[in-house]
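Atom set for the values below is all heavy atoms of this structure, side chains included, hydrogens, waters and symmetry mates excluded. Sequential numbering from 1 along the given sequence is applied to the chain's residues. Here the structure is a predicted model, which means the values were calculated and not measured.
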Amino acid sequence: TIFLWERKMRIIITLGLFLSFGVFADGHDADEPKYKPNKAEYYVNVFKDGKDMDDLMKWSMKWKKWASEGEPGEVFKNYTAAILVPYYGHSLNTFDAIWVGGSPDPEEHYVGNEYWMKNGTKLYNELPVTFPQVIDTWQRTVSETPDGSAGYVVYSDCKLGEGVTNEQFYDAYFAYAEAAKANGDVAGRKMIWPQTGVEPGWDFDFVQAVFTSSIGEYGKNWTNFWSEKADTLPEAEAMAALGGSCTNERSFSIVPVKS
């Protein structure tokens, strides 16, 4: 059932996932898809000795000021960032947080990477964390929360059904999300395709993210949609017919840094 499908499907790569949760662009032409793929990067954070979340937040605000003014402000004008704080999951003692940054396209993303490497040395040396893993990804929004915000996310690693392409699954999932929205659903969704930096042996087709504006809204969506209406939609049956499965759920609270 679609209820069980979404219950199983939620993402992060090992990750490392969200998603640039600030990128929810909605503008589009009638003959273009509503949401286009974009780039996102995930930095797995481990605190340096004596450092904690307060230090990371202070550094993040300092970075935000740097990335919002003058020449850096122009380079990073479309770059969004958030910090994922682990909530439910396993092996949570292996990392402390995840920095997620997103850009609208590869050129802008990698130009930003180059600028940071050449001009961000002082800030980099002040980081209170190390990065044992950094994942470069493509991602595509499927749906958004009503107000476009994200405060809580659940990730899972997913495999497509036999013979099903990513595009076929996306189209079915988008149709389902549109129908769900008309029936009171308030969740946002993304499909994420990890590229460089994936943990060796990661044998899945994509990572799925299901998020809401807050953890409270996630609970309400269980009551108002997932537990009662999700399986009644024809679009849910169409998705179920595609097959596939997801595993390894983990959830995070989301702290916005730069939108």
Student: Please state whether the rings of W99 and W63 are parallel, tilted or perpendicular, taking 30° and 60° as the class boundaries.
Tutor: perpendicular

Student: Quick one: CZ on F174 to CD on E167, what's the gap to the nearest 0.5 Å?
Tutor: 11.5 Å

Student: Over all heavy atoms of both residues, which pair between W138 and P37 is shortest? Give the atoms and the distance, please.
Tutor: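 The answer is CE3-CB, 3.8 Å.
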
Student: Nearest 0.5 angstrom please: F225 CZ to N183 CG, how far?
Tutor: 6.5 Å

Student: Would you mind telling me which of W66, Y43, Y110 makes a ring pair (Phe, Tyr, Trp, His ring centres under 6.0 Å) with W116?
Tutor: W66

Student: In terms of heavy-atom contacts, does OH of Y87 have more than 12 from other residues, nucleotides or ligands at under 6.0 Å?
Tutor: no

Student: Does N45 use its side chain to pair, donor to acceptor, with the backbone of D96 at less than 3.5 Å?
Tutor: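 Absent.
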
Student: Could you check whether any side-chain heavy atom of F76 comes within less than 4.5 Å of a side-chain heavy atom of E108, counting everything from C-beta outward?
Tutor: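 A side-chain contact is absent here, since even the closest heavy-atom pair is not under 4.5 Å.
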
Student: Going through the distances and angles, do I135 and T196 end up as a side chain to side chain contact (heavy atoms under 4.5 Å, CB included)?
Tutor: CA-CA 6 Å; I135 305 98; T196 310; over 6 Å; no

Student: Considering all heavy atoms of both residues, which atom of A97 and which atom of L56 are nearest to each other, and what is their separation?
Tutor: CB-CD2, 4.2 Å

Student: Do K34 and E178 have side-chain heavy atoms sitting under 4.5 Å apart?
Tutor: yes

Student: Report yes if some heavy atom in the side chain of E144 is under 4.5 Å from a heavy atom in the side chain of T141; otherwise report no.
Tutor: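 Result yes, sub-4.5 Å side-chain heavy-atom pair found.
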
Student: Quick one: CD on E235 to OG1 on T232, what's the gap to the nearest 0.5 Å?
Tutor: 9.5 Å

Student: Under 3.5 Å, side chain of Q133 to main-chain N/O of G197, donor-acceptor pair present?
Tutor: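 Indeed, once roles are kept as given, a pair shorter than 3.5 Å links the two residues.
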
Student: When rounded to the nearest 0.5 angstrom, what distance separates NZ in K39 from CD in E41?
Tutor: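 K39 NZ to E41 CD: 9.0 Å, rounded to 0.5 Å.
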
Student: Is there a path of hydrophobic side-chain contacts, each under 4.5 Å between heavy atoms of I, L, V, M, F, W or Y residues, that connects Y35 with V186?
Tutor: no

Student: Count I, L, V, M, F, W, Y as connected when their side-chain heavy atoms are under 4.5 Å apart, and connections chain through other members. Are V111 and Y115 then in the same cluster?
Tutor: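 Different clusters: V111 never reaches Y115 through Ile, Leu, Val, Met, Phe, Trp or Tyr contacts under 4.5 Å.
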
Student: Report the distance from atom CG of N248 to atom CG of D157, rounding to the nearest 0.5 Å.
Tutor: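 Output value for this atom pair is 5.0 Å.
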
Student: Kindly give the heavy-atom pair with the smallest separation between L233 and Y176, and that separation in Å.
Tutor: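 Minimum heavy-atom contact is CD1-CE1, 3.9 Å.
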
Student: For residues E217 and Y152, determine if any side-chain heavy atom of one lies less than 4.5 Å from a side-chain heavy atom of the other.
Tutor: no

Student: Please determine whether a side-chain nitrogen of the Lys or Arg among K62 and E126 lies less than 4.0 Å from a carboxylate oxygen of the Asp or Glu.
Tutor: yes

Student: Assess whether atom NZ of K48 is packed by more than 12 heavy atoms of other residues, nucleotides or ligands within 6.0 Å.
Tutor: yes

Student: Which is it for D203 and K159 under the salt bridge (Lys or Arg N to Asp or Glu O under 4.0 Å) test, yes or no, and what are the steps along the way?
Tutor: CA-CA 8 Å; D203 185 25; K159 287 191 174 183; 3.5 Å; yes

Student: Find out whether V100 and L84 are in side-chain contact, i.e. whether some heavy atom of one side chain is under 4.5 Å from a heavy atom of the other.
Tutor: yes

Student: So do the side chains of T212 and V153 get within less than 4.5 Å of each other, counting heavy atoms only?
Tutor: no

Student: Can you name the closest pair of heavy atoms from F169 and L160 and give their distance?
Tutor: CB-CD2, 3.7 Å

Student: Salt-bridge test for D185 and K229: reply yes if a basic N is under 4.0 Å from a carboxylate O, no otherwise.
Tutor: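 No, no charged N to carboxylate O under 4.0 Å.
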
Student: Between W222 and Y218, what is the ring plane arrangement, given parallel below 30°, perpendicular above 60°, and tilted in between?
Tutor: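 If you compare the ring of W222 with that of Y218, the planes turn out perpendicular.
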
Student: Would N166 and M191 count as a side chain to side chain contact (heavy atoms under 4.5 Å, CB included) if you check the C-alpha gap in whole Å, the side-chain angles of each, and the deciding distance to 0.1 Å?
Tutor: CA-CA 9 Å; N166 279 296; M191 290 178 67; 4.0 Å; yes

Student: Looking only at non-hydrogen atoms, find the nearest pair between N38 and P104 and report the distance.
Tutor: CB-O, 3.7 Å

Student: Determine whether I83 and I254 make a side-chain contact, defined as any pair of heavy atoms from C-beta on separated by less than 4.5 Å.
Tutor: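 Side-chain contact under 4.5 Å: no.
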
Student: Can any side-chain N or O of S251 pair as donor or acceptor with the backbone N or O of Y88 at less than 3.5 Å?
Tutor: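 Checked: pair present.
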
Student: Go through the steps for C158 and F204 under the test side chain to side chain contact (heavy atoms under 4.5 Å, CB included), then give the verdict.
Tutor: CA-CA 6 Å; C158 304; F204 296 89; 5.7 Å; no

Student: Do you know the tightest heavy-atom contact between K258 and A67?
Tutor: CE-O, 3.7 Å

Student: Determine, step by step, whether M57 and V255 satisfy the side chain to side chain contact (heavy atoms under 4.5 Å, CB included) criterion, reporting the C-alpha distance in whole Å, the side-chain angles of both residues, the deciding distance to 0.1 Å, and the verdict.
Tutor: CA-CA 9 Å; M57 292 310 303; V255 182; 3.6 Å; yes

Student: Report the distance from atom CH2 of W226 to atom OG1 of T223, rounding to the nearest 0.5 Å.
Tutor: 10.5 Å

Student: For S143 and A187, indicate whether the former's side chain and the latter's backbone hold a donor-acceptor pair under 3.5 Å.
Tutor: yes

Student: Would you say D55's side chain and K51's backbone share a donor-acceptor pair under 3.5 angstrom?
Tutor: no

Student: Mind checking whether V207 and W202 have side chains closer than 4.5 Å, heavy atoms only?
Tutor: yes

Student: Mark yes or no for whether T165, through its side chain, and Q168, through its backbone, hold a donor-acceptor pair below 3.5 Å.
Tutor: yes

Student: Is there a donor-acceptor contact under 3.5 Å from the side chain of S213 to the main chain of A150?
Tutor: no

Student: Could R140 and Y170 be counted as a cation-pi pair, given that NZ or CZ must be under 6.0 Å from the ring centre and within 45° of the axis?
Tutor: yes

